[in-house]
Amino acid sequence: VYLVKGAPEKLLDACTRYVDEAGEIRPLNSRHRLKARWEEMTRQAMRVLALAISENAVDDSGRFSRLILIGLVGIRDEIRPEARSSVQQVQGAGVQVVMITGDNRETAAAIAREAGLLRDTDGENAVITGSELAALSDFQVRGRLPALRVVARALPTDKSRLVRIAQEMGLVAGMTGDGINDAPALKKADVGFAMGSGTEVAKEAGDIVILDDNIASIARAILYGRTIFKSIRKFIIFQLTMNLC
């Protein structure tokens, strides 16, 4: 017997049986209630995993069939209380915030709404999946980038690609991350923010390490950076004026 876990959209269609409350294996004839429950969990900003049993080993290509469903597990990451106000502060400063995540479309959109990143007024182009992004050319991505807010089911290569396209558009790109897969994008970005609890590879690739893993610290960094820049510019203008006089 082999245990299998993964995204419900990958595993549920391969499940032909399930384990009931008494531990008995029964045929899985209808998936409507199961998918309805799964969609309800994603609307509550939960990351959902499907757990199943396979009587045969999964081959190297990742193919599987005739799985026995054990159940669905919902994992929810609570939004920090200050996250919503920090996102609003950063957006108010003219910074476009894009959330890139491996979660599915519904979960990612629910989290983005809770954080104030996604609004009801945002159009259809605000949320995109990694597969949809891969189907677009760089020219098409440039057209959608200004309205983009969420990239769901993203691959590590999607992060580097978005950073590259943003830089080609003349934008200053900042990237946050904590994993090994984030390192290339952190290195490529104009400013890489690595999380203090992240991997050493990410910290080495980033320019700044956020010790408290808080987006509010990034908002303060932008505020302090702009304040220092403006102060230096004022000082230079003052000195040039005095010297010319």
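Computed from a predicted structure; not experimentally measured. For this chain, numbers begin at 1 and follow the sequence in order.
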Closest non-hydrogen atom pair between [X] and [Y], with its separation:
X    : Y    : result
P184 : S160 : CB-OG, 3.8 Å
R161 : L133 : NH1-O, 2.8 Å
A219 : Q89  : CB-OE1, 3.7 Å
Y2   : A57  : CE1-N, 3.4 Å
D158 : G130 : OD2-CA, 3.7 Å
A185 : K159 : CB-CB, 3.8 Å

Side-chain heavy-atom pair [X], [Y] within 4.5 angstrom cut-off:
X    : Y    : value
V98  : R149 : no
D182 : V201 : no
D190 : D207 : no
Q96  : L148 : yes
T129 : V151 : no

Apart from [X] itself, residues in the same hydrophobic cluster as defined by side-chain heavy atoms under 4.5 Å:
X    : value
F238 : M242
V95  : I79, V87, V90, V97, M99, I111, L117, L118, V127, V150, V191, F193, M195, I208, I210, I215, I218, I222
L211 : V209

So that I can tick it off, tell me whether [Y] and [X] are bridged by a salt bridge, with the cut-off set at under 4.0 angstrom between side-chain N and carboxylate O.
X   : Y   : answer
R17 : E55 : yes
E39 : K35 : no
E40 : R33 : no

By the definition side chain to side chain contact (heavy atoms under 4.5 Å, CB included), identify the one residue from I53, L34, V19 that meets it with L69. L34

Do [X] side-chain atoms and [Y] backbone N/O form a donor-acceptor pair below 3.5 Å?
X    : Y    : answer
Q239 : I236 : no
R31  : L12  : yes
D20  : E24  : yes
T107 : D103 : no
R226 : A93  : yes
N56  : F64  : no
R47  : A108 : no

Could you grab the distance from atom [atom1] of [X] to atom [atom2] of [Y], nearest 0.5 Å is fine?
X    : Y    : atom1 : atom2 : result
T176 : L186 : OG1   : CG    : 7.5 Å
S65  : D13  : OG    : CG    : 12.5 Å
D213 : D178 : CG    : CG    : 7.5 Å
L67  : C15  : CG    : SG    : 5.0 Å
N214 : S86  : CG    : OG    : 6.0 Å
M46  : D77  : CE    : CG    : 11.0 Å

Using salt bridge (charged side-chain N to carboxylate O under 4.0 Å, His left out) as the criterion, list what pairs up with E200, not counting sequence neighbours. K203

Please walk me through it: do L162 and M175 pass side chain to side chain contact (heavy atoms under 4.5 Å, CB included)? CA-CA 10 Å; L162 287 173; M175 171 70 191; over 6 Å; no

Are [Y] and [X] connected in a single hydrophobic cluster, I mean Ile/Leu/Val/Met/Phe/Trp/Tyr linked by side-chain heavy atoms less than 4.5 Å apart?
X    : Y    : answer
L72  : L28  : yes
L3   : I75  : yes
I180 : V163 : no
V141 : I128 : yes
I165 : L171 : yes

One pair to check against side chain to side chain contact (heavy atoms under 4.5 Å, CB included): D138 and R164. What are the steps and the verdict? CA-CA 10 Å; D138 287 356; R164 174 179 59 80; 3.1 Å; yes

Neighbour count above 12 (heavy atom, 6.0 Å) for E204 CD: no

Please identify each residue that fulfils side chain to side chain contact (heavy atoms under 4.5 Å, CB included) with R153, with sequence neighbours left out. A7, E9, N104

Determine, stepwise, if the pair V48 / V73 fulfils side chain to side chain contact (heavy atoms under 4.5 Å, CB included). CA-CA 6 Å; V48 183; V73 176; over 6 Å; no

Per the salt bridge (Lys or Arg N to Asp or Glu O under 4.0 Å) rule, which among R76, R43, R119 passes with E114? R76

Applying side-chain hydrogen bond (donor to acceptor under 3.5 Å, both in side chains) to S217 and not counting sequence neighbours gives D212, R220

